[in-house]
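This report concerns only the one structure given below.
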Amino acid sequence: NQTRLTNNAGADFSPAWSPDGTKLVFVRIVNGTGEIGVMNADGTGQTNISQHPDDDQAPSWSVTNKIVFQTNRDGDDEIGVMNPDGTGKVQLTDNSVADYGGDWAPSGLKIYFTRDPMGNAPTEIGVMNADGSGQTRLTTNSAPEADPVASPSGLFVVYTSVGAGGVEDIFKMTAGGLLPQNLTNSTGLDFSPDWSSAP
């Protein structure tokens, strides 16, 4: 029952569900840069909620009805939040390095993100409160780590890192950054993890 939801001259990608499953947030390329859009689950009501010439990417919708997204409105990639209608835009990070991605804890009270570089290390994973306060580094390895996704229980975070074979593998750690475990340990590339609805 595959159904095409968008029929746009540009690229549409990175869809993510609203918590109630009635809407989708997604990225649409407009005039060469990413804009955040929202539509109904059947593809109707497509609305650009970014309305900004700079690049916006990687949206995710929280149970508190906020959308976190990656933006370069200040000249480099930062993390921002806004309401599903595009109002209330707030930039949460503000520094000279790249902050990108952004995934909600299931409570909607914290955001996991990737910072490049973090200190003297390569790309690492951090967590912050939903208002941008309390930014904390969770990984401290020499290998680049990215793509954090919190488990439905909130107890774990799955992410991408470099395994013993020198290629990307899928790892899991506690929500506090402890007990990292390589789940795939593959000779091929493994990336873009996500969780089922089970704990």
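Just so it is clear, the structure is predicted and the values come from calculations on it, not from any experiment.
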Is there side-chain contact between [X] and [Y], with heavy atoms separated by less than 4.5 Å?
X      : Y      : value
Ile111 : Trp104 : yes
Thr160 : Pro193 : yes
Val68  : Lys66  : no
Gln57  : Tyr100 : no
Thr114 : Asp99  : no
Ile67  : Val38  : yes
Gln70  : Asp56  : no
Glu124 : Arg115 : no

Say you draw a straight line from [atom1] of [X] to [atom2] of [Y]; how long is it, rounded to the nearest 0.5 Å?
X     : Y     : atom1 : atom2 : answer
Arg73 : His52 : CZ    : NE2   : 4.5 Å
Ile29 : Asn8  : CD1   : CG    : 10.0 Å
Asp77 : Asp55 : CG    : CG    : 7.5 Å
Arg4  : Asn7  : CZ    : CG    : 4.0 Å
Asp42 : Thr22 : CG    : OG1   : 10.0 Å
Thr33 : Arg28 : OG1   : CZ    : 13.0 Å

Of the non-hydrogen atoms in [X] and [Y], which two are nearest, and what is the gap between them?
X      : Y      : value
Thr64  : Ser62  : OG1-OG, 2.6 Å
Gly154 : Ala175 : O-CB, 3.4 Å
Val25  : Pro59  : CG2-CB, 3.6 Å
Met173 : Tyr159 : CG-CE2, 3.6 Å
Tyr112 : Ala105 : CE1-CB, 4.0 Å
Pro106 : Ser153 : CG-C, 4.1 Å

Same cluster or not: are [X] and [Y] linked, directly or through other Ile, Leu, Val, Met, Phe, Trp or Tyr residues, by side-chain heavy atoms under 4.5 angstrom apart?
X     : Y     : answer
Trp17 : Leu5  : yes
Met39 : Val30 : no
Trp61 : Phe69 : yes
Phe13 : Ile36 : yes
Ile49 : Val90 : no

So does [Y] get a backbone contact from the side chain of [X], meaning a donor-acceptor N/O pair under 3.5 Å?
X      : Y      : result
Asn185 : Gly163 : no
Thr3   : Asn1   : yes
Thr93  : Ile79  : yes
Asp74  : Asp76  : yes

- prompt: Would you say the side-chain atoms of Asp20 and Ser18 include a donor-acceptor pair closer than 3.5 Å?
  reply: yes

| task | Kindly check if the number of other-residue, nucleotide or ligand heavy atoms within 6.0 Å of CG (Asp85) is above 12? | result | yes

From the list Thr140, Thr123, Thr139, side-chain hydrogen bond (donor to acceptor under 3.5 Å, both in side chains) with Glu145 holds only for Thr139

(Q) Pair Glu168, Asp190 - check side chain to side chain contact (heavy atoms under 4.5 Å, CB included), show working. (A) CA-CA 5 Å; Glu168 288 180 312; Asp190 302 320; 5.7 Å; no

- Evaluate the criterion side chain to side chain contact (heavy atoms under 4.5 Å, CB included) for residue pair Asn129 and Lys110; output intermediate values, then yes/no. CA-CA 4 Å; Asn129 296 321; Lys110 292 186 179 293; 2.8 Å; yes

